[in-house]
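Letters A, B, ... mirror the listed sequences (proteins, then strands); counts begin at 1.
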Amino acid sequence: MRIKRDFYTRNTLIVAKELLGQYLVRKYKGKLLIGKIVETEAYIGPKDKASHAYSKKIQPSKDKLKVIEENWNRIKRYVEDKEIFIKRILRCKSCKVTKRNLAEYLKGGHIYIYLVYGNYYQLNITTFKEGYPECVLIRSVEPLLQMNANITQIEILPKGPGKLCQYFKLDNSFWGEDLCNSKRIWLEYGENIKENGIIKAKRIGIDYAKEYKNKLWRFYIKNNEWVSRK
DNA sequence: TCTACGATTTACT
DNA sequence: GTAAATCGTAGAA
């Protein structure tokens with residue numbers, strides 16, 4: 001059964017933890033690719049110095065409005081209440097809004113995807129309410145065997161956030177996509193992972209994030225071979 | 001407009 | 001352990 005909106009619109013750390021064990025489903029060329037989520041990271045902007053919504057400088061309200069208006073057509077179908085959306089963003093003085101990170105502000109259950117290092121996309125799922133830039137990075141899934149799956153076609157395995165996007169054929173066209181309504185990607189309720197089967201760890205690749213680099217906001221399933229780094 | 005760099009991966013010492 | 005690949009975006013000029 002497809003995961004519903006209220007799963008995503010909760011506290012980001014809780015969602016990051018409870019995403020473990022859920023099934024990521026991608027419809028591609030008539031076939032279903034399915035993976036069990038085994039590793040996640042929470043990004044809680046703007047206080048989080050690792051978040052794309054964090055900025056040392058305070059962005060003027062008129063600059064924020066400009067970014068929102070310039071990109072409104074890309075997100076309008078996903079925004080419930082434009083007034084509240086804008087009001088919350090403007091109220092948050094330390095939030096940064098850019099063309100890239102605007103999707104982070106969508107309410108829980110949307111995709112925030114972007115390119116890093118010129119090669120690799122990073123799949124994030126937004127969390128909490130509309131107008132708050134919080135999300136969960138999906139770092140690894142355990143591929144589930146499918147009937148009709150052409151094994152020889154599967155060369156790249158979804159271990160690590162960049163390879164995961166290659167495995168599921170994800171790119172910028174998924175930016176903003178609603179997991180609660182999409183016909184080509186969604187999540188289904190999978191396995192319930194017990195608290196003592198979850199490892200909390202430091203996030204990967206964010207050494208620039210000062211004191212936030214030490215937050216234990218990475219979660220993974222204990223003893224799972226698909227986790228990217230132990 | 002121009003420059004620097006990154007929520008990674010891979011190859012190599 | 002270190003370094004290179006690679007390019008769209010953010011921030012500076």
| Taking 4.0 angstrom as the limit, do E39(A) and K159(A) come out as a salt bridge? |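 So E39(A) does not pair with K159(A) through a salt bridge.
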
Any base atoms under 4.0 Å from [X], or only sugar-phosphate, or nothing? Heavy atoms, all strands.
{"X": "L137(A)", "answer": "base"}
{"X": "R100(A)", "answer": "sugar-phosphate"}
{"X": "Q166(A)", "answer": "nothing"}

Could you tell me if [X] sits above the aromatic ring of [Y], with its cationic atom closer than 6.0 Å to the ring centre and no more than 45 degrees from the axis?
{"X": "K27(A)", "Y": "W186(A)", "answer": "no"}
{"X": "R26(A)", "Y": "F168(A)", "answer": "no"}
{"X": "R2(A)", "Y": "Y23(A)", "answer": "no"}

| field | Under-4.0 Å side-chain N/O to phosphate OP1/OP2 contact, T98(A) with dT9(C) | value |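 No, no such contact exists.
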
| message | Applying side-chain contact (heavy atoms from CB on, under 4.5 Å), can you list everything that pairs with A53(A), at least two apart in sequence or on another chain? | response |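 Listed in chain order: S51(A), N101(A), E104(A), Y105(A), P133(A).
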
| task | Name all residues meeting the side-chain contact (heavy atoms from CB on, under 4.5 Å) criterion together with I84(A); count only those two or more places apart in sequence or in a different chain, and write none if there are none. | result | D81(A), R88(A)

| query | Please give, in whole Å, the distance from dG8(C) P to K99(A) NZ? | reply |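 Distance, rounded to whole Å: 10 Å.
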
| field | Distance in angstrom units between Y112(A) OH and dT9(C) P, rounded | value |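 From Y112(A) OH to dT9(C) P: 10 Å.
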
| Which whole number of Å gives the distance between the P atom of dT6(C) and that of dC2(B)? |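 It works out to 23 Å between them.
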
| Do we see a donor-acceptor contact under 3.5 Å between the side chains of H52(A) and Y43(A)? |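 Y43(A) and H52(A) do not have a side-chain donor-acceptor pair below 3.5 Å.
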
| Starting at the 5' end of DNA chain C, what dot-bracket string do you get if Watson-Crick and G-U pairs under 3.5 Å are bracketed, crossing pairs use [ ], other-strand pairs use | and unpaired bases use dots? | |||||.||||||.

| remark: Residues in residues 118-133 of chain A with a heavy atom under 4.0 Å of DNA chain C, by number, are G118(A), N119(A)

| message | Heavy atoms within less than 4.0 Å of DNA chain C: which residues of residues 209-230 of chain A have one? Give them sorted by number. | response | none

| request: List the steps and the verdict of side chain to side chain contact (heavy atoms under 4.5 Å, CB included) for I68(A) and I86(A). | output: CA-CA 8 Å; I68(A) 294 168; I86(A) 290 174; 4.2 Å; yes

| First and last nucleotide of DNA chain B touching chain A, 5' to 3', heavy-atom cut-off 4.0 Å? | dG6(B) to dT10(B)

| task | Return the orientation label for the H110(A) and Y78(A) ring planes: parallel under 30°, perpendicular over 60°, tilted otherwise. | result |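 Perpendicular, since the angle between the ring planes exceeds 60°.
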
